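Structure first, then comments.
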Amino acid sequence: MTQSPSARAAPGEATTQGNASATIVEPISVTAIDDLNFGKIAAAAPDGDGSVTIDPASNSASYSGSAKPACSASSCGTSPALFAVSGAKGRAYEITVPQSISVQPMRGAGSALTVSDLLPVSENRPERPYIGQLNTAGMDRVRVGGTLIVPGGTPAGSYRAEVPLVVSYN
Amino acid sequence: MKKIILAAVVAAISVPAAAAPGDTATAAGAASAEIVSPIAITHDVGAVLSFGTLTAGNGGTVVVNRNNGNGSSTGDVSLVAGTATSADSFTVTGDANRTFSIATTDSTVDDAGNSMNFTTSARNNGTLDGTGSVVFTVGGTLTVPDSQPAGSYTGTYDATVTYN
């Protein structure tokens, strides 16, 4: 009390500083580079259903049931979908893909096929599917694999689908 | 010679004593003063008016509610999902139960030569509680220009309290 009047010129008023902050990040964007390609497949009718699975981490294809590679095993032209992602340096983001997509025949008389178990894997953070990590240059690449269900007796044809992929900061 | 000097000193001392009786009167008057604690303001440690993490797009605003710290964006500005906004906070101390006015300034947040303006929002008046202390919070509105560069922007502003 006694020293207060001399310590303050105006004891009825006091001022201090507050802090303010804001962080602006680069918007995140994604560009499709390569299609998800299951290659050429032979589906033998008597053998029942089959499937082809593309592993996004290893880029390898595996076949089960009636689905067989209709090419030399070393180069069937299979590949996971590839996307380029750019945005804020060092930021993590979330990757969203549909659970399954319908693949329409482009030629031939086939009916739609289904790709299930779509799995996106980030190049910078391969251990966590569905989560990506932009590097110090603000870049990442995402590969998407999946499993194409090939019912027995599927007619010959060319099938194509788009894989929608959404990235968002989390 | 010595005897004369001593007599003069005695005479000088007796003068005021002889003048007093009958010439003066004294009465007790009343004086009063109310001493109040000076008002003081402290920025609460760790508190910050945070406009969160956002993408600028074609520009817009971010508004932080002073009561709950919630943020919302307008225009092309987008708050990144999960981003935390917050209101700033101050503690005022002073005379118990006294009211005071609050004034907060507008300012800028800056990063590497880039700048954005913000306004602040606090209630106009506060009342110190029975122990002479009270907290008030500050929200604000950040104006984000078109294509504002990415960066971590910080700034300060002034908060002043005055007894009413």
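Naming: A, B, ... by sequence-line order, numbering from 1 per chain. A quick note: this is a predicted structure, and the numbers were derived from the prediction, not measured.
Contact detail for A:Ala14 and B:Ala40: the closest heavy-atom pair is CB-CA, 3.8 Å. Between B:Ile39 and A:Glu13, the shortest heavy-atom distance links the atoms CG2-N, 3.5 Å. Scanning both residues, A:Thr16 and B:His43, for their nearest heavy atoms gives CG2-N, 3.9 Å. Residues B:Phe51 and A:Ala22 come closest through the heavy atom pair CB-CB, 3.8 Å.
Chain A forms more heavy-atom pairs under 4.5 Å with one residue of B:Asp88, B:Asp111, B:Asp44 than with any other, namely B:Asp88. With chain A as partner, the option from B:Ser101, B:Gly52, B:Ser86, B:Ser152 having the largest number of non-hydrogen pairs under 4.5 angstrom is B:Gly52. In terms of heavy-atom pairs under 4.5 Å with chain B, the best-connected choice from A:Gly18, A:Ala88, A:Pro27 is A:Gly18. Interface check for chain A: of the options B:Thr55, B:Thr162, B:Leu54, the most heavy-atom pairs under 4.5 Å are formed by B:Leu54. Heavy-atom pairs under 4.5 Å with chain A peak, among B:Asn164, B:Val161, B:Asp95, B:Thr154, at B:Val161. When each of B:Tyr157, B:Phe90, B:Phe118, B:Phe100 is scored by its heavy-atom pairs under 4.5 Å with chain A, the top score falls to B:Tyr157.
Residue B:Val109 touches chain A through its side chain alone, counting heavy-atom pairs closer than 4.5 Å. Of the atoms belonging to B:Val92, not a single heavy atom falls under 4.5 Å from chain A. For B:Ser107, no part lies near chain A; criterion is any non-hydrogen pair under 4.5 Å. For B:Ala47, the part lying near chain A is the backbone, with the side chain staying farther off; criterion is any non-hydrogen pair under 4.5 Å.
At most 12 heavy atoms of other shown residues, nucleotides or ligands fall within 6.0 angstrom of atom CD in A:Gln99. Other residues, nucleotides and ligands contribute more than 12 heavy atoms inside 6.0 Å of the CZ atom of B:Arg123.
When the side chains of ILVMFWY residues are joined at heavy-atom separations under 4.5 Å, either directly or via intervening members, B:Ile41 and B:Val135 end up in two distinct hydrophobic clusters. In the hydrophobic clustering of ILVMFWY residues, with side-chain heavy atoms under 4.5 Å counting as a link, A:Leu36 and A:Leu165 come out together. Using a 4.5 Å cut-off between side-chain heavy atoms of Ile, Leu, Val, Met, Phe, Trp and Tyr, with links allowed through other members, A:Val167 and A:Ile33 fall into different hydrophobic clusters. Taken together through direct or relayed side-chain contacts under 4.5 Å among Ile, Leu, Val, Met, Phe, Trp and Tyr, A:Val166 and A:Ile101 form parts of separate hydrophobic clusters. Each of A:Ile149 and A:Ile54 belongs to its own hydrophobic cluster when Ile, Leu, Val, Met, Phe, Trp and Tyr are linked at side-chain heavy-atom distances under 4.5 angstrom.
Interatomic distance, A:Gln17 CD to B:Thr160 OG1, rounded to the nearest 0.5 Å: 10.5 Å.
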